Every structure is written in structure tokens, then in C-alpha cells.
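Input: a single structure, listed below in C-alpha cells.
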Amino acid sequence: MVLLFLLPIIVLGQTQKKDYTKLSYDELHQLYFANEKDKKVQKECAQAYLAKANRENISIQKAKANYQFALLYYKTDTNKAIMYLDSVIKYSQNTGHKFFPAAAYCEKADLLKKQFKFKEALINYNLAEKIARKTNIDYYYIVREYIGTTKSEDLGDFNEALDIYKECYRYYKSKDLRNPKLSRDYQSVIFGLADCYKSLKNRDSTTFYNKLGFRESQITKNEEYQFLFVLNEGANQIEGKNYKVGLDSINKALPKMIEYNNVGNVLAAYFFLGKAFDGLGKKEIAAKNFIKVDSIYKVTKEITTEFIDGYPYLITYYKNLGDKENQLKYITTYMTIDSTLQKNYRELNKLVHKEYDTPRLISDKEKLIASLNNDKIVTYWGLGVLFLITIGAGSFGMYQYQLKKKYRSRFEKIINDTAEKEGTGVEENKEKKTQIATTKIEAIGIAEELVNQIIEKLDDFEERKGYLESNITVQMLSTIFETNTKYVSKIVNVYKGKTFTQYINDLRVEYAVVQLQENKMFRKYTIQALALEFGFNNAESFSTAFYKKTGIKPAYFIKELGAEI
């Protein structure tokens, strides 16, 4: 799902600035989207954007930074993308922004659909439309269309989807339909209407909207949509058994779908080619097209109930040829797809009911016989394993008890240490620093005056909490201090007794410990949200640093703080 409103209007030139800290929010935003093929640059832009937003404590900018992180992981790590979108929602809630958090709810819903979590997806779409109705009516109808698409393409609720598409259609008819900002959305709604009518077997209405959509896309010179309507009408003709007319349309549209890398509709084209050739009695050519559908599925692992009918065809086709190897191959694939759809649609009562032929029944029978033969062996081994599990469970329980005691002791130490630090006076701290200075000033090999200057700057750095910037490095700090990295690194090593990374992480953890004790709201945050709040880039690095410093995980610390109330 691409949100066109978030694309930069101005694309920066080839020369990139290395010092992101000097760039404005708009410049960082533009640089991020100008480097869509360079994930490293995009990540640096997002980090700089978030650091600036944290430093200035502007919620909506924090939201936009987290959105940039979400886009980075959108195609590669669904769970991580959802995690960042949750942060977008948190920071943009009740801001009245034109697109956030509505867009974040939409993006999250799209990712949940890929995990077959349709109920959760619809909940997020509904939250998006509720907000968009108040903040951005144009975007509200975009969200409504997404809901229509989900009900139609994913859930098979064609009548409900049709009502939604009609609602959107009426809205766009009252607008400037040829406006570049609205024309694509309008044509998408027309396609939704045509596709729903096709699924409901209303051939005349399908043709009407396909022709309307083709005409509109011609006027606005949207070539991809022109051929999308050609493809859809071809499928409509094939469903109406006008095979030759349908073949002509699909053969015109398929090369364009490939050119635009429209994978879902390339799959649809091959599927309907298979149906057409089957209707014309050309079994071999039909099989070749259904095999192409299978090859696309094997790459994308995405297929809907509309396009799985090619598998029973292939199973029967190879059965008639006596090709047992390919027969078994497509039985296995078909069973896998059917099992996945049964599992993922069960909650919404959208089960896929298919009659499996004899080869599947034989396959199931063979598996059952093999399973029964293994049962006796499993029983004997089971008794032995049960005994070992019992012994192991007792040992594990004792281990858990000891571990719990140890963690509780560490928790109490953190609380006590925090209280002692708060009671330590300024004069005592100064005296301690003076003692350190007299013992180490000669050993460090740097002029005393320079050492004192850098220590004062470190104190100021700690006082203004500069360590909460997520992208802070020894190089950046040295630049700010107007000295070199070697001096800063060495002084931190000697006077703080740590590496620079450990020094920064320990400051963040110490700050986190205090904030979690003093501010109960933080305890309601996710670990990822806390990580970003305290200067870390992700939950894992925060948890690791927290454990290294305190001996317990932040989740345990928060839990125990809650128990203290």
C-alpha cells in the first residue's frame, strides 16, 4: 500500500549531506524518499529525524520518524513494521493530523492481512475510518475502499463490498474525477464494482463498469488501469463461456501486467487463460497455464480461493496421463494451500469446502496406516520420555525458584542504589571527582587543562541528557566538544572506566531506571516504545544494555515496580 501523500514533492540532487543533524525535518523527509533504493541512507535519515524529534520533543514528528522506520521493514519484517506503526499511532493520537494516525492504522491492517489476521485487520481499518472521517474526508473514502477490497478479495463478502464501493463511487462522482489526485482512486473504485459484479455473476453490470473504467483511464492516460479493465472484461467473458473473446482480451492485457510487475493480476491472467483453453478443449495448453499459476504461488506464497481451482484440474490431468510423480506433486501443493486457507479463515467462518478426488484419499489412507504402525513404538518411547520429563520438570522448577530469588535481589539492589544516589550531595560528587583527577591526570598523557575541559563538557552532556539521542557516536561528540575522538575516548575509558558505547548505554539505562520509578505512564509502554524513548534503536539493544547494567530485563523490572504499589 503506497501513500502518495507522503512522497516528497521535491527530490534532492545526487549530492548527499553527511551531517544529517543540520537538516530540517522537510529536508530529511525528502532525502529519505529520494533514496528508496538505498536503505542505509534511509535508515540514517530516519535516525536523524527521530533524534531531532526526541530532542525537540514534538510528538507528531516522532510519529513521522517511526513511520519512516516502519516503511523500511514493510516488505522484509512484518512484525517489526507493525511495531513501529504502533509507535506512530501512540505519538500521533489526538493530534488532529491530516493523515496520522489513520494512515498508520491502514498500513497496520494491510500487514495483518498478509498474516491472515483479517479480524484484526478490519478492526484497524475501522479505527482508521473513524479518525479520517473527522480529519480528512478524502482519505476516509480511501480507507472505505480498502475495507471493500478486503471484504471482496480476501473474505468473499461480495454484497457487502459492493455496497461500500457504491458509497465511494457516489462520493467521487461529486468531485473532479480527472484530477490526478483523485482519478486513480476513482478508477480503483470502478474496478472494485466491476470485480464484485463479476464474482456475483452479473455479466452486464461487469461489462458496463469495465467499459466505464477503461474510458476514464484512457482520458487520464493511466495505461496500467486501461489494461487492468481489459483483463477483467476478458475474465468476465470467459466466466460467461465466451472463450475466444476472453482470450483475445487477456492476451492483450497480460504483457502489460508483466511490464508493470502487477504480480497478482499476472496470476489472474494465467488462471483465466487456463479456464479458457479448458473450455475450448485444449487440455495441454490449459495445464501449462495452471502450472504458471502454481509457479507464481511458489514464489509469492500468496493465493486466494478464486485461483486454486487449477490444482484439481492438474491432479486429474496428470492422473489421466499416468504421471504419478506430477500427480503427487500437485496433490501435495493443493493440500498445503487448502490446509492454510482452512486454518486462517476458520475464525471468520470462511472455510474452503472442496471435494478431494481419489488420489488424495489414497494419500491420506497411506499416511494413516504408517501412523498406526508407528503408534506402538511411540507408546514405549513415550513412557521413557514421560519419566525424563518428570525429572526434568522438577529440576527446572527448582532452577526457576533460585532464578526468581536472584532477580528479586537484583531488583531490590537497583531500588536501593537509586535512593542512595539521590541522597548523595553535590559536594561529595565534587570531592570524588577531585580524588580521581589527582590519581589519573598524569597517567592519561593529556594536558590537565584539556582533560578538565572535556570532563566539564561530559558533565554538561550528561546534565542535558544528550545521550538520549539515538544516533550519538564518539565522532559526533568529539565534533561538538571541538576536540578529537582519541581524547574523548581515552578520557571516558580512564575517568568513567568504560568504553564509549558502554558509557552511553549505562547513562540511558540509569535514566530509564529513574523514569520508570517516577513516571508510571512509562510502565504502560511497550519495550520497543521505551527503547526509542531512552535513545536505543530497538527493543533488543535496550533489553541487552539494561540486563548488562542491572542483571535483569526491563520487562521484569517494570513488573516488579507494579507489584510494589
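Keep in mind that this is a model prediction, so the values were computed, not measured. Note that the numbering runs from 1 along the sequence shown for the chain.
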Do the side chain of Asn136 and the main chain of Tyr139 share a donor and acceptor less than 3.5 angstrom apart?
yes
Any side-chain donor-acceptor pair under 3.5 Å between Asp38 and Asn35?
no
Within 45° of the axis and under 6.0 Å from the centre of the six-membered ring of Tyr140, does NZ or CZ of Arg133 qualify?
yes
Could you go through the side-chain contact (heavy atoms from CB on, under 4.5 Å) check for Arg178 and Asp176 one step at a time?
CA-CA 6 Å; Arg178 311 292 162 63; Asp176 179 5; 4.2 Å; yes
Given 3.5 Å as the limit, does a donor-acceptor pair link the side chain of Arg523 with the main chain of Gln517, or not?
yes
If you take all heavy atoms of Ala161 and Lys151, which pair is closest and at what distance?
CB-CB, 4.2 Å
Of the options Phe100, Tyr73, Tyr84, Phe99, which is the one that meets Tyr67 in a ring pair (Phe, Tyr, Trp, His ring centres under 6.0 Å)?
Phe100
Side-chain heavy atoms of Thr479 within contact of Asp19, under 4.5 Å
no
Answer yes or no: is there a side-chain heavy-atom contact under 4.5 Å between Val509 and Phe536?
yes
Please check if atom NZ in Lys181 has more than 12 non-hydrogen atoms from other residues, nucleotides or ligands closer than 6.0 Å.
no
side-chain contact (heavy atoms from CB on, under 4.5 Å) between Ile504 and Val474, worked out:
CA-CA 10 Å; Ile504 295 296; Val474 68; over 6 Å; no
Enclosure of Lys98 NZ (heavy-atom neighbours >12, cutoff 6.0 Å):
no
Would you say the side chain of Tyr186 lies within less than 4.5 Å of the side chain of Tyr169, judging by non-hydrogen atoms?
yes
Contact between Tyr260 and Glu223 at the side-chain level, heavy atoms closer than 4.5 Å - yes or no?
yes
Salt-bridge test for Asp195 and Lys198: reply yes if a basic N is under 4.0 Å from a carboxylate O, no otherwise.
yes
Which residue, Gln68, Gln61, Lys64, forms the side chain to side chain donor-acceptor pair (under 3.5 Å) with Tyr49?
Gln61
Rounded to the nearest 0.5 Å, the OH atom of Tyr32 sits from the CZ atom of Phe69 at a distance of 8.5 Å
Find the distance between CG (Asn236) and OG (Ser199) and round it off to the nearest 0.5 Å.
10.0 Å
Identify whether the distance between the nearest side-chain nitrogen and carboxylate oxygen of Glu239 and Lys275 falls below 4.0 Å.
yes
For Leu267 and Val293, work out which heavy atoms get closest and say how close.
O-CG2, 3.7 Å
Short N-O contact, Glu540 and Lys80, less than 4.0 angstrom:
no
Is the Tyr511 ring parallel, tilted or perpendicular to the Phe534 ring (thresholds 30°, 60°)?
perpendicular
If I compare all heavy atoms of Tyr197 with all of Thr206, which pair ends up nearest, and what's the gap?
C-OG1, 3.1 Å
Go through the side-chain N and O atoms of Lys114 and Thr78 and say whether any donor and acceptor fall under 3.5 Å apart.
no
Should the pair Phe461 and Phe481 be assigned to parallel (<30°), tilted (30 to 60°) or perpendicular (>60°) ring geometry?
perpendicular
Hey, are Glu510 and Lys549 close enough for a salt bridge, meaning a charged N less than 4.0 Å from a carboxylate O?
yes
Just how far is it from atom NZ of Lys108 to atom CG of Asn124, taken to the nearest 0.5 Å?
4.5 Å
Under 6.0 Å from the six-membered ring centre of Tyr525 and within 45° of its axis: does the NZ or CZ of Lys90 meet both?
yes
Does Arg508 make a cation-pi contact with Phe542 (under 6.0 Å, within 45 degrees of the axis)?
no
Is the closest side-chain heavy-atom distance between Leu155 and Leu122 below 4.5 Å?
yes
In terms of side-chain heavy atoms, does Asp110 have a donor or acceptor partner in Tyr146 at a distance below 3.5 Å?
no
To the nearest 0.5 angstrom, please state how far the CZ atom of Phe191 sits from the CG atom of Leu193.
11.0 Å
Minimal heavy-atom distance between Ala529 and Tyr91, with the atoms involved, is O-OH, 4.5 Å
Once rounded to the nearest 0.5 Å, what's the spacing between atom CZ of Arg144 and atom CD1 of Ile142?
13.5 Å
Just say parallel, tilted or perpendicular for the rings of Phe272 and Phe307, cut-offs at 30° and 60°.
perpendicular
Neighbour count >12 (heavy atoms, 6.0 Å) for atom NZ, Lys134:
no
In short, Glu533 meets Leu468 closest at the heavy-atom pair O-CD2, 4.3 Å
Starting at CG of Asp185, measure out to OH of Tyr171 and round the result to the nearest 0.5 Å.
10.0 Å
Find out whether the Lys NZ or Arg CZ of Lys52 is both under 6.0 angstrom from the six-membered ring centre of Tyr25 and within 45° of the ring's axis.
yes
I'd like to know if the side chain of Glu469 reaches the main chain of Ala51, judged simply by a donor and an acceptor atom lying under 3.5 Å from each other, with no hydrogens or angles considered.
no
Does a side-chain heavy-atom distance below 4.5 Å link Asp204 with Asn202?
yes
If you count every heavy atom of other residues, nucleotides or ligands that lies below 6.0 Å from Lys553 atom NZ, does the total exceed 12?
yes
Taking the side chain as everything from C-beta on, heavy atoms only, tell me whether Tyr225 gets closer than 4.5 Å to Thr220.
no
Side chains of Gln47 and Asn471: is there a donor and an acceptor less than 3.5 Å apart?
no
Please evaluate residues Leu458 and Tyr503 with respect to the criterion side-chain contact (heavy atoms from CB on, under 4.5 Å), reporting the C-alpha separation (whole Å), side-chain torsions for both, the decisive distance (0.1 Å), and the verdict.
CA-CA 11 Å; Leu458 284 172; Tyr503 164 65; 3.7 Å; yes
Between Ser543 and Ile527 the two heavy atoms that sit nearest each other are OG-CG2, 3.8 Å
Derivation and outcome, side-chain contact (heavy atoms from CB on, under 4.5 Å), residues Leu177 and Ile219:
CA-CA 10 Å; Leu177 301 177; Ile219 292 170; over 6 Å; no
Quick check: does any side chain N or O of Ser152 sit under 3.5 Å from a backbone N or O of Thr149, one acting as donor and the other as acceptor?
no
Is there side-chain contact between Phe500 and Thr485, with heavy atoms separated by less than 4.5 Å?
no
For atom CD of Glu56, decide whether the heavy atoms of other residues, nucleotides or ligands shown that lie under 6.0 angstrom number more than 12.
yes
